[in-house]
Chemist: 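This is the structure, below, for whatever I ask next.
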Amino acid sequence: MTTSLLLISDTHVPGRARRLPDAVLRAADAADLVIHAGDWVTASVLDELAEHADVLGVYGNNDGPDLRARLPEVARREIEGVRFAVVHETGDARGRETRMPRAYPDVDVLVFGHSHIPWDTTAPGGLRLLNPGSPTDRRRQPHHTMMTAIVDAGAVRDVRLITL
């Protein structure tokens, strides 16, 4: 079986955008699972995404008690034999590939957010680190972004950074 993923983070609705971009909703319709790495800001974003696909998410530093009551700080799920974890913050980029395998030794892929900076690296030992950036708040980045990926037979493939 194959699972298609949409990875997003830092939507900051309604602070940075009034609503999710149409491109995000179309990508959610095409995905089997949406992974959101926190900073939703309003629970209506979680509810809206859940109307389009299954959602795996965590709360971020800008999320209030309503989202913290519904979402964990760290989420874990095995997908097609690949062990995923989702967290909002991983700390400074410097040393991330050394810190995260120690923090998540039982994980194959760590999806994170917070920085709004897209990231796709593999740490020594094989931990894949993915940050989809933000589809609504690019900060100092040239584009709003999100990621898609395919999980199949114990492997993650076709990871794509999509600019909006």
Side-chain angles (χ1 to χ4, degrees), residues 1-92 96 99-100 103-120 127-139 141 144-151 156 159 161-162 164:
M1 189 163 170
T2 299
T3 300
S4 61
L5 305 177
L6 169 62
L7 285 65
I8 59 175
S9 186
D10 299 285
T11 47
H12 291 274
V13 170
R16 300 294 182 200
R18 290 188 179 158
R19 63 183 196 79
L20 291 173
D22 290 339
V24 170
L25 298 176
R26 284 191 303 271
D29 284 335
D32 297 309
L33 176 65
V34 174
I35 298 177
H36 192 302
D39 275 2
W40 314 70
V41 180
T42 182
S44 65
V45 174
L46 171 58
D47 296 334
E48 182 175 22
L49 285 171
E51 293 175 6
H52 294 266
D54 187 22
V55 177
L56 177 65
V58 298
Y59 65 78
N61 60 298
N62 285 295
D63 295 326
D66 58 337
L67 284 159
R68 289 172 187 252
R70 294 175 63 183
L71 298 167
E73 182 177 12
V74 177
R76 296 171 184 267
R77 185 178 296 181
E78 186 169 319
I79 304 166
E80 308 296 336
V82 179
R83 300 166 302 171
F84 280 79
V86 186
V87 66
H88 185 61
E89 296 185 54
T90 60
D92 190 33
R96 183 176 286 139
R99 286 190 321 274
M100 292 305 101
Y104 300 94
D106 58 342
V107 170
D108 301 310
V109 178
L110 179 64
V111 180
F112 65 99
H114 187 62
S115 68
H116 300 218
I117 300 171
W119 188 282
D120 182 356
L127 176 63
R128 183 93 178 252
L129 300 161
L130 298 174
N131 184 329
S134 172
T136 55
D137 184 11
R138 62 184 178 87
R139 283 197 185 157
Q141 300 305 299
H144 298 106
T145 58
M146 61 185 178
M147 284 181 170
T148 59
I150 301 293
V151 187
V156 177
V159 174
L161 180 67
I162 298 167
L164 294 121

Chemist: Looking at L164 and A23, what are the two nearest heavy atoms and their distance?
Modeler: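 Where L164 meets A23 most closely, the heavy atoms are CD2-CB, 3.2 Å.
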
Chemist: Can you check whether T90's main-chain N or O pairs, donor with acceptor, with R99's side chain at less than 3.5 Å?
Modeler: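 Such a contact is found between R99 side chain and T90 backbone.
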
Chemist: To the nearest 0.5 angstrom, please state how far the CZ atom of R83 sits from the OH atom of Y104.
Modeler: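 Between R83 CZ and Y104 OH, I get 14.5 Å after rounding to 0.5 Å.
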
Chemist: Do you know the tightest heavy-atom contact between L110 and V107?
Modeler: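 So the two residues come closest at N-CG1, 4.1 Å.
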
Chemist: Under 4.5 Å between any side-chain heavy atoms of E73 and Y59, yes or no?
Modeler: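 SC-SC contact between E73 and Y59 confirmed.
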
Chemist: Are any side-chain N or O atoms of T11 and backbone N or O atoms of L20, one a donor and one an acceptor, separated by less than 3.5 Å?
Modeler: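 No: the side chain of T11 does not pair with the backbone of L20.
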
Chemist: Does the side chain of R16 pick up a donor-acceptor pair with the side chain of T136 at under 3.5 Å?
Modeler: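 Their side chains do not contain a donor-acceptor pair, so the 3.5 Å distance test is not met.
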
Chemist: Hey, does the side chain of D39 reach the backbone of N62 with a donor-acceptor pair shorter than 3.5 angstrom?
Modeler: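 Side chain of D39 to backbone of N62, a donor-acceptor pair under 3.5 Å: yes, one is there.
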
Chemist: Given side-chain contact (heavy atoms from CB on, under 4.5 Å), test L33 with L5 step by step and report yes or no.
Modeler: CA-CA 5 Å; L33 176 65; L5 305 177; 3.8 Å; yes

Chemist: Spell out, as yes or no, whether a donor-acceptor pair under 3.5 Å connects the side chain of N131 to the backbone of G113.
Modeler: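 Flag set: sc N131 to bb G113 pair under 3.5 Å.
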
Chemist: Using modelled atom types and a 3.5 Å cut-off, is there a donor and acceptor pairing between side-chain atoms of D63 and backbone atoms of W40?
Modeler: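 Yes; judged by distance alone, with no hydrogens or angles, the pair exists.
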
Chemist: Looking at CD1 of I35 and OG1 of T148, how far apart are the two atoms once the value is rounded to the nearest 0.5 Å?
Modeler: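 Between I35 CD1 and T148 OG1, I get 11.5 Å after rounding to 0.5 Å.
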
Chemist: Say you draw a straight line from CG of D106 to CG of L127; how long is it, rounded to the nearest 0.5 Å?
Modeler: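 Answer for the CG-CG pair, D106 versus L127, is 10.0 Å.
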
Chemist: For T145 versus G133, what's the shortest heavy-atom pair and its separation?
Modeler: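 Minimum heavy-atom separation between T145 and G133: OG1-CA, 3.4 Å.
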
Chemist: D120 and L161: side-chain contact (heavy atoms from CB on, under 4.5 Å), yes or no, with the steps?
Modeler: CA-CA 9 Å; D120 182 356; L161 180 67; over 6 Å; no

Chemist: Are the side chains of L6 and H52 in contact, using a 4.5 Å heavy-atom criterion?
Modeler: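 A side-chain contact is absent here, since even the closest heavy-atom pair is not under 4.5 Å.
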
Chemist: For E78, I'd like to know if atom CD has over 12 heavy atoms of other residues, nucleotides or ligands within 6.0 Å.
Modeler: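 Atom CD in E78 is packed in, count exceeds 12.
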
Chemist: V82 vs T3, test: side-chain contact (heavy atoms from CB on, under 4.5 Å). Steps then yes/no.
Modeler: CA-CA 11 Å; V82 179; T3 300; over 6 Å; no

Chemist: Is the closest side-chain heavy-atom distance between V109 and I79 below 4.5 Å?
Modeler: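 When only atoms from C-beta onward are counted, I79 and V109 do not touch, as no gap falls below 4.5 Å.
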
Chemist: With R77, which of D32, D108, D54 fulfils salt bridge (Lys or Arg N to Asp or Glu O under 4.0 Å)?
Modeler: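 When salt bridge (Lys or Arg N to Asp or Glu O under 4.0 Å) is applied between R77 and each of D32, D108, D54, only D54 qualifies.
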
Chemist: Locate the shortest heavy-atom distance separating S9 from P135; write the atom from each residue and the value.
Modeler: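 Between these two residues, the closest heavy atoms are O-CD, 3.3 Å.
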
Chemist: If I take atom CZ from residue F112 and atom CE from residue M100, how far apart are they, to the nearest 0.5 angstrom?
Modeler: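 Answer rounded to 0.5 Å: 8.5 Å.
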
Chemist: So, for R70 and A43, which heavy atoms are closest and what is the spacing to 0.1 Å?
Modeler: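 Taking R70 first and A43 second, the nearest heavy atoms are NH1-CB, 3.6 Å.
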
Chemist: Indicate yes or no: does R139 engage D10 in a salt bridge with an N to O separation below 4.0 Å.
Modeler: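 A salt bridge is absent here (no side-chain N lies under 4.0 Å from a carboxylate O).
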
Chemist: Testing the basics here: between V13 and T42, what is the closest heavy-atom pair and its distance to 0.1 Å?
Modeler: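 That closest heavy-atom pairing would be O-CG2, 2.9 Å.
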
Chemist: Out of the candidates H36, M146, M147, only one should pair with L7 under the side chain to side chain contact (heavy atoms under 4.5 Å, CB included) rule; please name it.
Modeler: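 Exactly one pass, corresponding to M147.
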
Chemist: Assign the ring pair H116 / H12 to parallel, tilted or perpendicular, where the plane angle (0 to 90°) is split at 30° and 60°.
Modeler: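 Judged by the thresholds at 30° and 60°, the geometry between H116 and H12 is tilted.
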
Chemist: Any donor-acceptor pair under 3.5 Å linking the side chain of H88 with the backbone of A37?
Modeler: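 Yes, because the side chain of H88 sits within donor-acceptor range (under 3.5 Å) of the backbone of A37.
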
